[in-house]
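See structure below.
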Amino acid sequence: MSSSKQAKFYESVQRNFDIAASYTDIHPGLLEQIKVCNAVYQMRFPVKIGENYEVIEAYRVQHSHHRLPTKGGIRFSHLVDQEEVMALAALMTYKCAIVDVPFGGAKGGVKVSPRSYTEEELERITRRYTVELIRKNFIGPSIDVPAPDYGTGEREMAWILDTYQTFKGGEIDAAGCVTGKPVKQNGIHGRTEATGRGVYYALREFFKDKRMVEKIGSTMGIAGKTMVIQGMGNVGSYAGLISEEEGGVKIIGLSEIEGTIYKADGISMKEALEFRKQNGTILGFPGSTTLPDRGDWVAIECDILLPSALESVITIDNAHRVKAKVIGEAANGPITANAEEVLLDNNIVIIPDMFINAGGVTVSYFEWLKNLSHMRFGRIDKRFNQNTYSNLVSLVEKLTGKTIDEREKAILTKGADEVDLVRSGLEETMVNAYENIMEVYWKNQPKMRSLRSAAFVNALEKVAND
Ligand code: NAD
């Protein structure tokens, strides 16, 4: 991806902001303050790689301080540049507002390709980056709280926490300096799957929504809908797994770095992930066809297209090829502003990134709350609820004279574990956010063209009123 293409990502975010701003009566001065990035920290630091020292380029951008801490993932990619991180940080502000997560937006980027380094080298890079953030006061549970993004995961988050604690050992809330940590190291159950699960909840709501389903000329209910996914990383894999297992979606196309496969009668996501793990590629997956070009995933006819890899993958050059009814922006910024015009002209609905992939930051918020409370969710009330439900079941048995079978009894009397509460909180958040966005969208018909504008308006009004 060229740097001019990356610049378009930031431009696209700003252009979408301006379109949405025209639907609000927020004062222009306040709009300008919301639009700009509040703090940009660009750094260079040396890391010993083999016998040499490499100078690593990295960034942390805090887009908005209207709420603190600021929050946003850290991306490891050789494509990272300042504008990309600024665009991603801005999206985080709007995303947090949409799902009522009380944080400002931020993002981090380290310009490295993780595949080119050993685990030990990556650890050194991550720890050194964290030290830079500590030195400039760009990290802390009440300041700025990173999380995983493209190219990073719970391993990197554990290194960040450990480095932070080395320097700030006495801080009682130190564990809240980063989210997306392993469960055993102050993480939370359900964080790894959270973004993908949120994507599924959003799609499920969409296909329950009669007006939207009629708009795209489809049928009610997500079960049986066909899906194509680009990117089988954290977001793409869980979105696929959960849509298939809980929603009955049929995945017919998968695209990864090595190419794109198609299988009309459905690909099991679980088997495809296992196959790729064993063989290092999805090409050759049993029963599938490899499409001539990796980029052909955009043109597969399907109900749901899920770009889940990187930004600016649907552009003015390929937007006319899209034959999906709905695009769920599981990745951040996968559609350029110009491409969006083409898609909207073709009656394709785009469920915007700042809503559909907000599950990750929602559960990160739960993790941060858990860290500040120093207690896992469910510890206080689980047994109490179980006992109450048991008493109720016994009462029903006594009053009716019938015996409820043991399996049903176990389901009825189960108290919620942490993961149950996290999933329920995430579902509640995504469903509420969907309804809020739709309210803005229908209120502004026929003028408002996209759900993105509706989501943006919803976010801008919340940020402006803070
Ligand atoms: P990841 O690194 O886990 O996975 C990305 C996958 O995309 C990798 O498997 C990679 O090989 C693949 N990929 C890269 N280039 C590709 C190409 N040209 N064609 C096909 N596949 C390609 O990253 P992730 O955490 O899943 O993030 C993916 C996107 O989702 C990013 O835009 C990120 O900002 C966004 N996002 C992530 C989270 C999160 O919680 N991880 C939350 C919100 C949004």
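When a ligand or atom number is given, it counts from 1 through the structure's own listing order. Numbers for residues simply follow the sequence, beginning at 1.
- Within a 6.0 Å sphere centred on NE2 of His189, heavy atoms belonging to other residues, nucleotides or ligands number 12 at most.
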Donor-acceptor contacts under 3.5 Å from residues 453-460 side chains, at least two apart:
residue	atom	partner	partner atom	Å
Ser453	OG	Ser450	OG	3.3
Asn458	OD1	Lys462	NZ	3.4

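- Screening residues 226-238 for side chain to side chain donor-acceptor pair (under 3.5 Å), with sequence neighbours left out, gives Thr226-Asp303.
- Checked for salt-bridge contact, Lys184 and Glu154 miss the test: no charged N lies under 4.0 Å from a carboxylate O.
- Lys181 and Asn371 share a side-chain donor-acceptor pair at under 3.5 Å.
- Listed by first and then second residue, the side chain to side chain donor-acceptor pair (under 3.5 Å) pairs involving residues 288-297 are Asp296-Arg321 (not counting sequence neighbours).
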Distance dump, ligand 1 polar atoms to protein, N/O, under 3.5 Å:
residue	atom	partner	partner atom	Å
ligand 1	2 (O)	Gly151	N	3.0
ligand 1	3 (O)	Asn234	N	2.9
ligand 1	9 (O)	Glu256	OE2	2.5
ligand 1	11 (O)	Glu256	OE1	2.7
ligand 1	11 (O)	Glu256	OE2	3.4
ligand 1	19 (N)	Gln230	NE2	3.4
ligand 1	26 (O)	Asn234	N	3.2
ligand 1	26 (O)	Val235	N	2.9
ligand 1	32 (O)	Arg75	NH2	3.4
ligand 1	32 (O)	Ala309	O	3.4
ligand 1	32 (O)	Asn332	N	3.1
ligand 1	34 (O)	Arg75	NH2	2.9
ligand 1	34 (O)	Asp149	OD1	2.6
ligand 1	34 (O)	Asp149	OD2	3.2
ligand 1	34 (O)	Asn332	ND2	2.8
ligand 1	40 (O)	Thr195	OG1	2.8

